[in-house]
*Asks:* 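Shown below is the structure under consideration.
First the proteins, then the strands, lettered A, B, ... as listed; each starts at 1. Here the structure is a predicted model, which is why all the values come from computation and not from measurement. Atoms considered below: every heavy atom in the structure, side chains included; atoms not considered: hydrogens, waters and symmetry mates.
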Amino acid sequence: MTIIPIDRKNESQKIASILSKKTVGIAGAGGLGSNVAVSLARSGINHLVIVDFDCVEESNLNRQYFFLGQIGKEKVKALQDNIKQINPHTSCSIINKKLTKGSMWKPFTHVDVVVEALDSAETKTQFIEEIMHHLPNTPIVAASGVAGIGNSDRIVTKQIGNLHMVYDEHALSSDDDVLLAPKVCLMANWQANIVLELLVGDII
Amino acid sequence: MSITVNKRNVDYVKDETVKDLLKRLKFTFPLVIVKINKDHVPRSKYSEVKIPENADIQVIHMISGG
């Protein structure tokens, strides 16, 4: 059994206490979004606002946080169920809807941090621009270049004001390369780690 | 006179807009996030915003996948 030093225990309690008051918005519940959500739930986040319009398909299971028995279910509902099994103290507002141009920012007006976890380059760009324009004080954590295998060392975080981008500039589009668990989950958890840094970082 | 784009030195061109610069540097990806010095430039302003002398520019490609 590991004995946690007393100051480390205090630190964990401090983090838990901060996160138990925070809300994170997640746009997309696919490879990035489902893994970010689970990672944040495990960390003890109070509330998640998750938006997606898809249902779970068999082809999603190579990287997304769903199970065989959930095929055909709405992704947001399936993810809410999975989070309940992991940490019942994390509550979820789920919105089963496609984000549409011009109002993509609207579900996220009351969150502390918003995560861009969408798939097409066009939707990602539009979403980031809308958040930066309509919610200029809300930090946004995005990802670009999640396809492929290997090359983990190319991943960096780029920052533009309130935008934090997990970025592999040499990755190919998912139209031309594979999407597989290791790199997608790596970048999703990199996003979750930035979220924690933004929420907890300078308080400790 | 020069500017830097993604840490690379590039000639400064007077009155060049973001749109012109992206074209000159052959950024064929239409979907990018552009930062000049510390500021984000919205896509709707690419043909208005002019690149200042000594600008430090970052161009981030948005690549599909998620």
*Asks:* Quick check on the interface: out of A:Val146, A:Ile160, A:Leu32, who has the most heavy-atom pairs with chain B under 4.5 Å?
*Replies:* A:Ile160
*Asks:* Of the non-hydrogen atoms in A:Ala121 and B:Met62, which two are nearest, and what is the gap between them?
*Replies:* CB-O, 3.2 Å
*Asks:* Show me the donor-acceptor pairs under 3.5 Å between chain B and chain A.
*Replies:*
unit_1, atom_1, unit_2, atom_2, d
B:Lys35, NZ, A:Gln159, O, 3.0
B:His40, NE2, A:Glu129, OE2, 3.3
B:Arg43, N, A:Glu129, OE1, 3.1
B:Arg43, N, A:Glu129, OE2, 3.3
B:Arg43, NH2, A:Gln126, OE1, 3.3
B:His61, N, A:Tyr167, OH, 2.9
B:His61, O, A:Ser144, OG, 2.7
B:Ile63, N, A:Ser144, OG, 2.9
B:Ser64, O, A:Ser174, N, 3.0
B:Ser64, O, A:Ser174, OG, 3.4
B:Ser64, OG, A:Ala121, N, 2.8
B:Gly65, N, A:Asp119, O, 2.7
B:Gly65, N, A:Ser174, OG, 3.4
B:Gly65, O, A:Lys124, NZ, 3.4
B:Gly66, O, A:Arg63, NE, 3.4

*Asks:* For a side chain to side chain contact (heavy atoms under 4.5 Å, CB included) check, start with the C-alpha distance between A:Ile128 and B:Ile33, then their side-chain angles and the critical distance, and finish with the verdict.
*Replies:* CA-CA 9 Å; A:Ile128 291 168; B:Ile33 304 280; 3.9 Å; yes
*Asks:* With only heavy atoms counted, which part of A:Leu118 is less than 4.5 Å from chain B, the side chain, the backbone, both or neither?
*Replies:* backbone
*Asks:* With only heavy atoms counted, which part of A:Ala117 is less than 4.5 Å from chain B, the side chain, the backbone, both or neither?
*Replies:* neither
